[in-house]
Student: 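Can you keep this structure in mind? I'll have questions shortly.
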Protein chains: 2
Amino acid sequence: MKKIAELFKTLSDVNRLRLLMVLDRKELCVCQLMGIVGLSQPLVSRNLSILARMGFLEERKEGKLKFYRIKKNLTDEKNTIMELLRRSLSEDDIYLQDMEAVQDCTEFQKRTGRCDMDAYKKFMKWRMEKRSKRDTQKEVV
Amino acid sequence: MKKIAELFKTLSDVNRLRLLMVLDRKELCVCQLMGIVGLSQPLVSRNLSILARMGFLEERKEGKLKFYRIKKNLTDEKNTIMELLRRSLSEDDIYLQDMEAVQDCTEFQKRTGRCDMDAYKKFMKWRMEKRSKRDTQKEVV
DNA sequence: TTAATATATAAACATATGTTAATATTAAAA
DNA sequence: TTTTAATATTAACATATGTTTATATATTAA
């Protein structure tokens with residue numbers, strides 16, 4: 001009983017849910033995740049390790065970078081939850097924003113060929129500009 | 001996103017999970033629930049209202065007693081979670097103990113014809129004795 | 001080996017949460 | 001109406017949690 005309660009507790013934080021769903025879309029490293037969800041490095045790191053410890057993620061090291069992704073053989077329980085999340089969030093604002101950011105991140109990396117902290121600071125800045133541009137357009141309309 | 005996080009938070013407490021699963025078996029009033037899960041009255045009351053506020057329970061008043069049960073038309077989301085819980089807990093120690101207590105409670109009520117605080121204090125005492133008897137038997141075996 | 005960089009961990013803090021003890025509310029019985 | 005009993009709510013407290021800042025670890029490059 002305690003185990004399931006803890007499973008739910010793991011999923012009771014918006015930042016962790018965001019990371020989980022972003023990784024459900026694509027394997028990513030910490031600095032990419034920082035750029036996508038816009039959270040500090042320690043916060044991303046901490047929440048990733050909580051998700052990993054709970055058995056949702058697996059980790060892979062590649063040089064200095066550490067990649068995370070959804071574990072291949074999730075338990076039935078966790079698979080059910082993932083399906084529930086995909087269904088429930090399919091029209092969620094934050095979720096859709098994050099999915100767009102994953103897309104942008106992939107393109108940004110293809111274009112710049114870089115994957116490091118500095119590149120992702122630039123990526124975040126670029127995204128902010130992109131978003132504010134869209135918002136002012138909306139205001140005009 | 002925040003909504004689902006809060007849904008999970010609601011389920012991240014063992015006492016709430018116990019109450020939810022007990023009520024999944026049978027509609028019960030607060031004093032019966034106290035006897036079954038062995039928690040204080042304010043604690044039972046509080047957790048019931050949290051579950052009700054989140055949309056898991058519906059309430060019904062009958063004289064001084066207040067009965068709670070699982071809401072009839074749960075959302076798909078919540079139904080999925082209930083099914084998950086039933087599956088995941090089917091062999092859980094605490095869950096099985098609680099289910100036995102529900103059974104005992106029903107019998108106790110049939111036998112005594114009473115449903116009030118005093119009766120349930122006696123019920124709890126009786127259950128404690130029953131359990132300690134069983135435990136000493138196990139030791140002998 | 002040293003310097004630089006990506007990630008993890010620790011310390012410190014504020015906030016949130018669960019729990020108990022005390023009190024309020026509500027409905028029935030006297 | 002007054003009293004009793006069931007449930008709800010509040011206040012107070014301890015613990016847990018999320019967040020930031022600072023620091024440690026580990027890997028690559030110089």
Side-chain angles (χ1 to χ4, degrees), chain A residues 1-2 5-19 23 27-54 57-69 109 114-123, chain B residues 1-2 5-6 8-19 23 27-54 57-69 109 114-124:
Chain A
M1 185 84 86
K2 206 177 161 195
E6 268 162 16
L7 182 65
F8 286 132
K9 185 167 287 172
T10 300
L11 300 169
S12 71
D13 179 89
V14 172
N15 290 335
R16 274 195 295 276
L17 283 181
R18 290 179 69 194
L19 290 168
L23 290 171
E27 185 193 51
L28 292 160
C29 74
V30 176
C31 67
Q32 291 175 316
L33 288 164
M34 288 173 60
I36 291 165
V37 298
L39 296 172
S40 70
Q41 183 269 317
L43 203 43
V44 170
S45 232
R46 178 180 198 267
N47 284 320
L48 288 174
S49 72
I50 290 174
L51 286 168
R53 199 180 324 138
M54 189 47 66
L57 305 182
E58 53 193 21
E59 327 172 35
R60 177 174 70 83
K61 224 168 173 188
E62 191 177 312
K64 273 180 287 193
L65 305 179
K66 189 151 173 196
F67 285 84
Y68 286 87
R69 66 174 180 188
Q109 192 181 354
R114 290 173 56 194
C115 184
D116 56 69
M117 290 300 237
D118 216 54
Y120 283 97
K121 277 177 197 157
K122 279 174 192 161
F123 169 63
Chain B
M1 186 83 86
K2 206 177 160 192
E6 268 162 18
F8 286 133
K9 185 167 288 172
T10 300
L11 300 169
S12 71
D13 179 88
V14 172
N15 289 336
R16 275 196 293 277
L17 283 180
R18 292 178 68 193
L19 289 168
L23 290 171
E27 185 194 52
L28 292 160
C29 74
V30 176
C31 68
Q32 291 173 318
L33 287 164
M34 287 172 61
I36 290 165
V37 299
L39 296 172
S40 70
Q41 183 269 317
L43 203 43
V44 170
S45 233
R46 179 181 199 266
N47 284 320
L48 289 174
S49 72
I50 290 174
L51 286 167
R53 198 180 322 137
M54 188 50 65
L57 306 181
E58 52 192 21
E59 327 173 36
R60 176 174 71 83
K61 228 169 173 185
E62 191 177 314
K64 272 180 287 193
L65 305 179
K66 188 149 173 197
F67 285 83
Y68 286 87
R69 65 173 179 191
Q109 192 181 355
R114 291 173 56 196
C115 182
D116 55 69
M117 291 298 236
D118 216 54
Y120 283 98
K121 276 176 198 159
K122 278 174 193 162
F123 169 61
M124 281 193 63

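Lettering of chains follows the sequences in order, A, B, ..., and the numbering in each one begins at 1. Since the model is a prediction, treat every value here as computed from it, not as a measurement.
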Student: Compare every heavy atom of B:Y68 with every heavy atom of B:V30, then report the nearest pair and how far apart it is.
Tutor: CG2-CE1, 3.8 Å
Student: Just how far, in rounded Å, is C1' of C:dT5 from CG of A:D118?
Tutor: 11 Å
Student: Expressed as a whole number of angstroms, how long is the span from A:R60:CZ to C:dA6:P?
Tutor: 17 Å
Student: Remember a base hit wins even if backbone is also touched, and classify A:F67 as base, sugar-phosphate or nothing at under 4.0 Å, heavy atoms.
Tutor: nothing
Student: Verify side-chain contact (heavy atoms from CB on, under 4.5 Å) between B:M34 and B:S40, making sure each step is shown before the conclusion.
Tutor: CA-CA 6 Å; B:M34 287 172 61; B:S40 70; over 6 Å; no
Student: Just the rounded figure in Å: distance from P of C:dA8 to CG of A:L65.
Tutor: 11 Å
Student: Roughly how far, to the nearest 0.5 Å, is the CZ atom of A:F8 from the CG atom of B:L17?
Tutor: 6.5 Å
Student: Provide the closest heavy-atom pair for B:G38 versus B:M124 in the form atom of the first, atom of the second, distance.
Tutor: CA-CE, 3.8 Å
Student: Under 3.5 Å, which N/O atoms of the protein pair with N/O atoms of nucleotides 13-23 of chain C?
Tutor:
{"residue": "C:dT17", "atom": "OP1", "partner": "B:K9", "partner atom": "NZ", "Å": "3.2"}
{"residue": "C:dG18", "atom": "OP1", "partner": "B:R16", "partner atom": "NH1", "Å": "3.4"}
{"residue": "C:dG18", "atom": "OP1", "partner": "B:R16", "partner atom": "NH2", "Å": "2.7"}
{"residue": "C:dG18", "atom": "OP2", "partner": "B:R46", "partner atom": "NH1", "Å": "3.4"}
{"residue": "C:dT19", "atom": "OP1", "partner": "B:N15", "partner atom": "ND2", "Å": "3.3"}
{"residue": "C:dT19", "atom": "OP2", "partner": "B:N15", "partner atom": "ND2", "Å": "3.2"}

Student: So does A:E27 pair up with A:R60, basic N to acidic O under 4.0 Å?
Tutor: yes
Student: Could you tell me the separation between the NZ atom of A:K121 and the P atom of C:dT5, rounded to a whole number of Å?
Tutor: 10 Å
Student: Nearest 0.5 Å, what's the CZ-CD distance between A:R114 and A:Q109?
Tutor: 11.0 Å
Student: Just call it for B:D116: base, sugar-phosphate, or nothing, with non-hydrogen atoms closer than 4.0 Å on any strand.
Tutor: sugar-phosphate
Student: Does C:dA8 have its OP1 or OP2 closer than 4.0 Å to a side-chain nitrogen or oxygen of A:Y68?
Tutor: yes
Student: When rounded to the nearest 0.5 angstrom, what distance separates OH in B:Y120 from SG in B:C31?
Tutor: 6.0 Å
Student: Any strand counts, and the cut-off is 3.5 Å on both contacts for Watson-Crick or G-U wobble. Which nucleotide pairs with D:dC13?
Tutor: C:dG18
Student: Rounding to a whole Å, what distance do you find between A:R114:CZ and C:dT5:C1'?
Tutor: 12 Å
Student: Which atom pairs, donor and acceptor, lie under 3.5 Å between side-chain atoms of residues 41-53 of chain A and protein residues at least two apart or in another chain?
Tutor:
{"residue": "A:N47", "atom": "OD1", "partner": "A:R16", "partner atom": "NH1", "Å": "3.0"}
{"residue": "A:N47", "atom": "ND2", "partner": "A:L43", "partner atom": "O", "Å": "3.2"}
{"residue": "A:S49", "atom": "OG", "partner": "A:R46", "partner atom": "O", "Å": "2.9"}

Student: Protein-nucleotides 27-30 of chain D N/O pairs closer than 3.5 Å?
Tutor:
{"residue": "D:dT27", "atom": "OP1", "partner": "A:K61", "partner atom": "NZ", "Å": "3.4"}

Student: Among C:dT7, D:dA8, C:dA8, which nucleotide sits nearest the side chain of A:C29?
Tutor: C:dT7
Student: So how far is it from B:L11 CG to A:L7 CG, rounded to the nearest 0.5 Å?
Tutor: 10.5 Å
